[in-house]
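Data block below; observations after.
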Amino acid sequence: MGVAQPPSTRSGAERTQLELFRSVPGNLTPRDAQDLMAWPFFSLAKSRRIAPIDFSMGKTRISVEAVPEHGMATIWDADVLIWAASQLIEARDAGRPTSRLMITTPHEILAFTRRGTGKASYERLKAALDRLQSTTVATSIRQEHQRRRHRFSWINEWRELADGQGRALGIELILPDWFYAGVLDRALVLTIDRAYFDLTGGLERWLYRIVRKHGGRQEGGWSFDVPHLHMKSGVLSPLRRFAFELRAIVARQPLPGYVLKLEHALGRDRLNFAPIPEHPLDAAMRRMGIDPVDSRS
């Protein structure tokens, strides 16, 4: 049995107290945690980030720290958490018990997130799990007393499972209670378009999540000042570079289900976004509880 990170005494005891949740393969509806969609919790860069995120807005405080060995968890690594949230919500809605202790196979996660399923993809998944486990977060979000912070890692621990002959049996991971509690509250999870996993840029992935969180399917859409978006992204690049990359994204219009528009008014740039009107067939399928994404060519 391989262990990615040496389990602490606390996490070892934690495992014995938790029921085991076995993932279910299949074409599950992707769900994302709203807190993770709205705030800067992940690196948006493909290069290794060591510099921390130290974010403060109103009563919200977020601190994200990485270790040099692995670097900060990225927005691509967060696909593992989207997979976990989707599994938990699917089980809860079906009346099955859920748990923070999950067992699955790399193939299930990779297939769900539209990654390749070869050896290289498996190695990238293990690197992602290492970053999720070694990145530490401290936040005031959902704390009864805003001055206090909840500190956790995105994965308490994970390990590879093998039989007596060394053949792989899957992977086991433990989710933090902060994430788990947010996922199981219906008000704190949103469905996302499966095409999200096809977005290759970190900024456009982050932008989709914040647009989906704030714009939803409101006919009138939503808007943000560009400097405000820059601050919420947690990126290290200066505002000028951020605005340049944002203009390129608006020109490409890559976000599934949304139209983006940049406007300049009162001396400030503002990003407007609104949902694309839904096809009547897709709307009918959604009302029947069928995921319309990818259902039509």
Side-chain angles (χ1 to χ4, degrees), residues 26-46 74-87 89-90 108-116 121 128 183 188-224 226 229 232-235 242 245-263 270-297:
N27 196 26
L28 276 64
T29 300
R31 271 104 167 188
D32 205 351
Q34 289 193 47
D35 290 331
L36 276 60
M37 301 168 79
W39 304 105
F41 281 112
F42 301 99
S43 170
L44 307 187
K46 292 184 177 178
T74 71
I75 197 162
W76 295 274
D77 301 337
D79 288 358
V80 175
L81 301 176
I82 295 176
W83 166 84
S86 305
Q87 284 282 339
I89 295 300
E90 187 80 12
E108 283 188 31
I109 298 177
L110 293 170
F112 177 84
T113 57
R114 290 185 167 180
R115 310 289 177 89
S121 297
V183 165
L188 296 179
V189 176
L190 289 174
T191 61
I192 62 172
D193 196 308
R194 197 174 301 279
Y196 166 80
F197 297 119
D198 297 329
L199 297 176
T200 57
L203 185 56
E204 63 189 29
R205 276 175 158 247
W206 172 81
L207 196 59
Y208 172 81
R209 297 173 89 187
I210 203 165
V211 164
R212 175 70 184 95
K213 166 68 173 68
H214 291 281
R217 297 192 177 94
Q218 300 180 71
E219 186 176 344
W222 203 268
S223 65
F224 277 119
V226 172
L229 281 174
K232 289 198 75 173
S233 71
V235 297
F242 177 85
E245 293 177 355
L246 196 59
R247 285 194 294 273
I249 291 174
V250 171
R252 294 198 312 272
Q253 295 290 335
L255 302 195
Y258 292 91
V259 175
L260 308 177
K261 184 179 180 181
L262 272 173
E263 295 181 346
R270 193 166 184 86
L271 178 71
N272 297 280
F273 43 90
I276 298 172
E278 193 170 34
H279 189 280
L281 177 59
D282 287 348
M285 293 179 70
R286 195 183 300 279
R287 286 194 297 271
M288 292 186 293
I290 303 172
D291 185 0
V293 179
D294 295 339
S295 62
R296 295 183 296 114
S297 59

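Bear in mind that the values here come from a model prediction, so they are computed numbers and not experimental data. Computed from heavy atoms alone, side chains included, the values below leave out hydrogens, waters and symmetry copies.
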Testing the basics here: between [X] and [Y], what is the closest heavy-atom pair and its distance to 0.1 Å?
X      : Y      : answer
His214 : Trp222 : O-CE3, 3.4 Å
Pro30  : Ser86  : CA-OG, 3.4 Å
Ile109 : Thr113 : O-OG1, 2.8 Å
Asp35  : Phe41  : O-CE1, 3.4 Å
Phe242 : Val235 : CD1-CG2, 4.1 Å
Ser223 : Asn272 : CB-OD1, 3.0 Å

- Message: Please verify the inter-ring angle class for Tyr196 with Tyr208; under 30° counts as parallel, over 60° as perpendicular, anything in between as tilted.
- Response: tilted
- Result for side-chain contact (heavy atoms from CB on, under 4.5 Å) between Met37 and one of Val211, Ile210, Leu190, Ile82 points to Leu190
Nearest 0.5 Å, please: how far is [atom2] in [Y] from [atom1] in [X]?
X      : Y      : atom1 : atom2 : value
Leu203 : Leu229 : CG    : CG    : 9.0 Å
Arg212 : Leu207 : CZ    : CG    : 14.0 Å
Arg247 : Leu262 : CZ    : CG    : 7.5 Å
Lys46  : Thr200 : NZ    : OG1   : 5.0 Å
Phe42  : Leu36  : CZ    : CG    : 4.5 Å
Leu188 : Asp32  : CG    : CG    : 12.0 Å

- Chi angles and distances behind the side chain to side chain contact (heavy atoms under 4.5 Å, CB included) call for Gln253, Leu260: CA-CA 7 Å; Gln253 295 290 335; Leu260 308 177; 3.9 Å; yes
- Task: Mind checking salt bridge (Lys or Arg N to Asp or Glu O under 4.0 Å) for Arg31 and listing every partner two or more places apart, or none if nothing turns up?
- Result: Glu90, Asp93
- Message: Restricting to salt bridge (Lys or Arg N to Asp or Glu O under 4.0 Å), what partner residues turn up for Asp77, sequence neighbours left out?
- Response: Arg131
- Arg209 side chain to Trp39 backbone, donor-acceptor under 3.5 Å: no
- Message: According to side chain to side chain donor-acceptor pair (under 3.5 Å), who are the partners of Asp79, at least two apart in sequence or on a separate chain?
- Response: Arg115, Arg205
